Structures are given as C-alpha cells and as structure tokens.
**Student:** 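The following block contains the structure, expressed as structure tokens.
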Amino acid sequence: MSCVDKGFSPYISLLISGLTVVFDQVIKWQTQQSIAYGDSISLTPFFNWVHTWNTGAAFGLLSNGGGWQRYFFIGVALLISVALTRLIFNKVSKRDGISYGLILGGAVGNLIDRLFRGYVVDSLHLGWQTWQLPVFNIADIAITLGVILLLLSNLQVSMIPNLPGSK
C-alpha cells in the first residue's frame with residue numbers, strides 16, 4: 001500500500017509546520033538582536049545577513065500601501081492557515097503533507113510578525129555583482145519550497161497516463 005492510499009499523518013505535517021515557525025522566529029529574533037535595522041553583514045561573496053522590514057507581500061509588493069495591507073495580509077494568512085489545516089487532516093500523500101506543512105509554517109511565521117511587529121523581518125540576501133534577489137526569510141523559503149513541491153506533485157500525477165484497469 002502506498003502512502004497515497006494510507007494517507008500521511010497530519011501530525012507529521014503539523015510538526016513540520018511547527019518546526020518551520022520556530023526556526024523562522026529564532027532567526028528573526030537573532031537578526032533583530034544582532035544587526036541594526038538597515039545594516040548588513042557579508043557572510044560570503046554572494047550571501048549577506050541583513051536586517052530589513054517588509055510591510056508588504058513577497059518581494060515588497062504593496063509595501064507602500066499606507067497600512068491597510070497589514071490587515072489584508074493577516075486575513076489572507078489566517079484563511080490560508082485554516083484551509084491548509086483542514087487539508088492536512090484529510091488523507092493526503094506524503095509529498096502533499098510535507099508541502100502543506102511547509103506552506104502553513106511559512107504563513108504562520110510571517111503572520112506572527114505581522115500581528116506582533118506590524119511588519120515581517122527579512123534577513124537573508126543572495127546576490128552576485130549586479131544580480132540581486134530581494135531580501136527574504138525562512139518563512140518565505142518554506143512557502144516557496146512547499147509550493148514547488150506541491151506543483152511538482154500535481155504535475156507528476158497529471159503526467160502519468162491512466163493505465164488499463166486503473167480508475
């Protein structure tokens with residue numbers, strides 16, 4: 001019997017989510033304790049540990065919205081968290097369970113920031129010469145990995161042809 005037939009334990013998904021939140025919040029706390037706002041520490045030629053705040057969405061989208069976006073993103077994160085928690089407690093494959101756990105953990109990590117700080121702490125920056133990524137955090141990485149894993153899972157399922165005798 002495959003993990004799709006059996007289902008993946010929702011508690012493992014919630015553990016992944018919880019560990020993601022803890023790791024994300026520890027890094028954000030350490031950033032705020034160690035680096036002044038706006039400062040940067042170069043760790044390698046292509047990786048910097050920085051201290052920035054994001055009041056918008058991914059990549060700073062809507063960061064100059066005048067404050068309404070905080071409540072909008074809190075609402076979105078709450079809705080996504082409820083929906084993902086419901087999905088986690090359905091029978092899901094291992095890959096989907098891991099994906100949902102990562103996305104939920106990332107959403108909750110950034111939600112905590114918005115609720116208690118009013119902004120999201122971003123601290124990881126990758127770049128080389130003129131090529132630069134926007135600053136991000138562990139929650140953003142978890143959401144991105146979860147979405148990629150979910151997309152790959154769905155692409156794989158849709159690309160497998162129906163075999164004779166299968167439903």
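As the structure is a computational prediction, the values presented were derived from the model and not from experiment.
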**Student:** Going by side-chain heavy atoms closer than 4.5 Å, which hydrophobic residues are tied to Trp29, directly or by a chain of links?
**Tutor:**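 Direct or chained contacts put Trp29 with none.
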
**Student:** For residues 41-49, run the donor-acceptor check on the side chains, cut-off 3.5 Å, and write out each pair with its distance to 0.1 Å, sequence neighbours left out.
**Tutor:**
residue, atom, partner, partner atom, Å
Ser42, OG, Thr44, O, 3.2
Ser42, OG, Asn48, OD1, 3.4
Thr44, OG1, Phe46, N, 3.2
Thr44, OG1, Phe47, N, 2.9
Asn48, ND2, His125, ND1, 3.4
Trp49, NE1, Thr31, OG1, 2.8

**Student:** For Asp24, enumerate each residue passing the salt bridge (charged side-chain N to carboxylate O under 4.0 Å, His left out) test, keeping only those at least two apart in sequence or located in another chain.
**Tutor:**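 Salt bridge (charged side-chain N to carboxylate O under 4.0 Å, His left out) check on Asp24 returns Lys28.
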
**Student:** Apply side-chain contact (heavy atoms from CB on, under 4.5 Å) to Val26 and list each qualifying residue two or more places apart in sequence or on a separate chain.
**Tutor:**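 Per chain and number, Val26 pairs via side-chain contact (heavy atoms from CB on, under 4.5 Å) with Val22.
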
**Student:** For Ser17, what residues pass the side-chain contact (heavy atoms from CB on, under 4.5 Å) criterion, not counting sequence neighbours?
**Tutor:**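 Checked Ser17 against side-chain contact (heavy atoms from CB on, under 4.5 Å); matches are Leu104.
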
**Student:** Nearest 0.5 Å, please: how far is CD1 in Ile12 from NZ in Lys94?
**Tutor:**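 It comes to 8.0 Å.
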
**Student:** Check side-chain contact (heavy atoms from CB on, under 4.5 Å) between Leu102 and all other residues, then give those that pass, not counting sequence neighbours.
**Tutor:**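 Partners of Leu102 under the side-chain contact (heavy atoms from CB on, under 4.5 Å) test: Ile16, Thr20, Ile98, Ala142, Leu145.
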
**Student:** Given a cutoff of under 4.5 Å between side-chain heavy atoms of I, L, V, M, F, W and Y, with clusters grown through shared members, what are the other residues clustered with Tyr37?
**Tutor:**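 Listed partners: Trp53, Tyr119, Val121.
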
**Student:** Which heavy atom of Ser13 sits nearest a heavy atom of Gly97, and at what distance?
**Tutor:**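 Shortest heavy-atom contact: OG-O, 2.9 Å.
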
**Student:** Quick check: do Asp96 and Ser93 have side-chain heavy atoms less than 4.5 Å from each other?
**Tutor:**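 Asp96 vs Ser93: side chains touch.
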
**Student:** For Ile138 and Leu124: C-alpha separation, side-chain torsions, deciding distance, then whether side-chain contact (heavy atoms from CB on, under 4.5 Å) applies.
**Tutor:** CA-CA 8 Å; Ile138 299 298; Leu124 307 173; 3.9 Å; yes

**Student:** List the atom of Val21, the atom of Gly105, and the distance in Å for their closest heavy-atom pair.
**Tutor:**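 Smallest heavy-atom distance, with atoms named: CG2-O, 3.3 Å.
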
**Student:** By ring-ring contact (aromatic ring centres under 6.0 Å, His included), which residues pair with Tyr11, not counting sequence neighbours?
**Tutor:**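 Partners of Tyr11 by the ring-ring contact (aromatic ring centres under 6.0 Å, His included) criterion, ordered by chain and then number, come out as Phe89.
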
**Student:** With a 4.5 Å cut-off on side-chain heavy-atom distances among I, L, V, M, F, W and Y, is there a chain of contacts connecting Val76 to Leu115?
**Tutor:**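 In one cluster with Val76: Leu115, yes.
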
**Student:** Given 3.5 Å as the limit, does a donor-acceptor pair link the side chain of Ser153 with the main chain of Leu149, or not?
**Tutor:**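 Checking the backbone N and O of Leu149 against the side chain of Ser153, no donor-acceptor pair under 3.5 Å is found.
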
**Student:** CD1/Ile80 to CZ/Phe73 distance, rounded to the nearest 0.5 angstrom?
**Tutor:**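 Rounded to the nearest 0.5 Å, the CD1-CZ separation comes out at 10.0 Å.
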
**Student:** Short question: side chain of His51, backbone of Ile35 - any donor-acceptor pair under 3.5 Å?
**Tutor:**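 Yes: the side chain of His51 pairs with the backbone of Ile35.
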
**Student:** Mind checking side chain to side chain donor-acceptor pair (under 3.5 Å) for Asp122 and listing every partner two or more places apart, or none if nothing turns up?
**Tutor:**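 Side chain to side chain donor-acceptor pair (under 3.5 Å) check on Asp122 returns Asn137.
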
**Student:** Any side-chain heavy-atom pair from Phe136 and Ile141 closer than 4.5 angstrom?
**Tutor:**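 Yes, side chains in contact.
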
**Student:** Name all pairs fulfilling the salt bridge (charged side-chain N to carboxylate O under 4.0 Å, His left out) condition that reach into residues 37-51, sequence neighbours left out, sorted by first residue then second.
**Tutor:**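 Sorted result for residues 37-51: empty, none.
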
**Student:** For the pair Asn154 (side chain) and Leu150 (backbone), establish whether a donor and an acceptor sit closer than 3.5 Å, ignoring hydrogens and angles.
**Tutor:**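 Answer holds: yes.
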
**Student:** For the residue pair Leu151 and Ile148, establish whether any side-chain heavy-atom pair is separated by less than 4.5 Å.
**Tutor:**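 No - every pair of side-chain heavy atoms lies 4.5 Å or more apart.
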
**Student:** Between Asn110 and Asp140, does any side-chain donor sit less than 3.5 Å from a side-chain acceptor?
**Tutor:**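 Result is yes, a qualifying pair exists.
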
**Student:** Would Val135 and Ser123 count as a side-chain contact (heavy atoms from CB on, under 4.5 Å) here? Give the steps.
**Tutor:** CA-CA 6 Å; Val135 182; Ser123 60; 5.6 Å; no

**Student:** Does Leu15 sit in a hydrophobic cluster with other residues, and if so which ones, taking ILVMFWY side chains as linked at heavy-atom separations under 4.5 Å, directly or through other members?
**Tutor:**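 Same cluster as Leu15: Leu19.
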
**Student:** Please say yes or no: joined through hydrophobic side-chain contacts below 4.5 Å, possibly via intermediate residues, are Ile88 and Val82 part of one cluster?
**Tutor:**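 In one cluster: no.
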
**Student:** Sort and list the pairs that fulfil ring pair (Phe, Tyr, Trp, His ring centres under 6.0 Å) and have at least one residue in residues 95-118, not counting sequence neighbours.
**Tutor:**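 Those involving residues 95-118 do not exist here.
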
**Student:** To the nearest 0.5 Å, what is the distance between OG (Ser99) and CG (Leu84)?
**Tutor:**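 Atom-to-atom, Ser99:OG and Leu84:CG are 10.0 Å apart.
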
